[in-house]
Amino acid sequence: MNSAAIREARQHLTKLCCGSPLLVRTNEQEGQGDLQICICSVDEELESLVWVEKEGAGRQRQAPIANIVDLKEEPSIQGLILTLKNGPSEADLSQMTLICATAEDLVPWREGLLFLVGMQRLGMMGLPHAPTSASVPAPKATKVPIIRHQPPSPSPSPSASKAKSSAPTTRASPGAAAAAAAAAAKAA
């Protein structure tokens, strides 16, 4: 995965974490189901799709990304049809439709969810299907040399310390974690 693709995936995941209003149809049977206006997002851990109803009781619901077994684009409605696994049997499947207001709104949802489902299937990003500690042997113990802390060097002039303290700080976004995971996938 090149840096442009990583940057693009990061942008899509950031939009998904921020959330957006979508029409959502759940528990479809033969394509029938009520459409709800919802604010949809992906949680900060990038593990669950979350939607909050804007009408009625305002319930918040979620589905683990690991439960998405299929994702299809439906261009006629500018939406995605997700097939979700709800239990151990093949009969325990349901569909969920996410309908976007515009084709431009659809792109981050399609690309972001495809990325997350793909990463989950590869067992990356700490998603539920990643190997657990029970399935991965513990690394062998190795001796690591102890490095002693060196005393601080003479203090810099007051103007230098002021320049250091005024440097802007940045906070990593959820997309940065995904980009790091993608880079790790490339290295592996």
Side-chain angles (χ1 to χ4, degrees), residues 1-2 4-130 173-182 185:
M1 190 174 235
N2 64 32
I6 291 171
R7 192 171 30 257
E8 184 178 346
R10 185 170 141 191
Q11 289 172 343
H12 294 316
L13 293 175
T14 299
K15 287 181 182 179
L16 267 58
C17 287
C18 291
S20 56
L22 302 175
L23 286 175
V24 176
R25 177 181 289 141
T26 57
N27 298 328
E28 292 184 88
Q29 297 173 346
E30 305 289 325
Q32 303 300 312
D34 291 333
L35 283 174
Q36 294 277 336
I37 299 171
C38 298
I39 300 297
C40 297
S41 63
V42 172
D43 68 348
E44 290 181 10
E45 292 80 26
L46 305 174
E47 294 179 348
S48 294
L49 174 62
V50 179
W51 62 102
V52 180
E53 297 172 357
K54 295 304 290 178
E55 299 173 345
R59 288 189 311 169
Q60 177 175 320
R61 301 188 313 180
Q62 64 183 32
I65 298 293
N67 288 7
I68 299 174
V69 295
D70 192 29
L71 182 136
K72 294 179 185 172
E73 182 175 355
E74 184 56 57
S76 66
I77 60 169
Q78 296 175 154
L80 300 170
I81 299 174
L82 310 177
T83 302
L84 303 166
K85 186 171 179 92
N86 298 320
S89 127
E90 299 252 343
D92 293 332
L93 297 177
S94 65
Q95 285 192 329
M96 174 179 190
T97 304
L98 304 176
I99 302 173
C100 301
T102 66
E104 292 78 25
D105 292 341
L106 177 62
V107 172
W109 281 98
R110 179 189 63 226
E111 298 302 318
L113 287 175
L114 284 171
F115 178 82
L116 290 174
V117 169
M119 294 301 283
Q120 179 271 324
R121 288 184 180 157
L122 290 173
M124 302 198 58
M125 295 175 41
L127 293 171
H129 287 288
S173 69

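Note that the structure is predicted; figures quoted are calculated from it, not measured.
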Less than 4.5 Å apart, side chain to side chain, heavy atoms only: is that true for [X] and [Y]?
X      : Y      : answer
Leu22  : Cys38  : no
Leu113 : Leu16  : yes
Trp109 : Leu71  : no
Ile68  : Gln120 : no
Met119 : Leu46  : no

Drop me the distance from [X]'s [atom1] to [Y]'s [atom2], to the nearest 0.5 angstrom.
X     : Y     : atom1 : atom2 : result
Glu45 : Ile65 : CD    : CD1   : 11.5 Å
Leu23 : Gln36 : CG    : CD    : 9.5 Å
Ser48 : Arg61 : OG    : CZ    : 14.0 Å

Pair listing, salt bridge (Lys or Arg N to Asp or Glu O under 4.0 Å) test, anchored in residues 91-119, at least two apart: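 Checked against salt bridge (Lys or Arg N to Asp or Glu O under 4.0 Å) - neighbours excluded - the pairs reaching residues 91-119 are Glu73-Arg110.
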Output side-chain donor-acceptor pairs under 3.5 Å for residues 76-88, partner residues at least two apart or in another chain, one line each.
unit_1 : atom_1 : unit_2 : atom_2 : d
Ser76  : OG     : Glu74  : OE2    : 2.9
Gln78  : OE1    : Ala103 : N      : 3.4
Gln78  : NE2    : Ala101 : O      : 3.0
Asn86  : ND2    : Ser94  : OG     : 2.9

Heavy-atom closest contact (Cys17 atom, Ser41 atom, distance):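 Smallest heavy-atom distance, with atoms named: O-CB, 4.0 Å.
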Pair Trp51-Leu98, side chain to side chain contact (heavy atoms under 4.5 Å, CB included): steps then yes or no: CA-CA 10 Å; Trp51 62 102; Leu98 304 176; over 6 Å; no
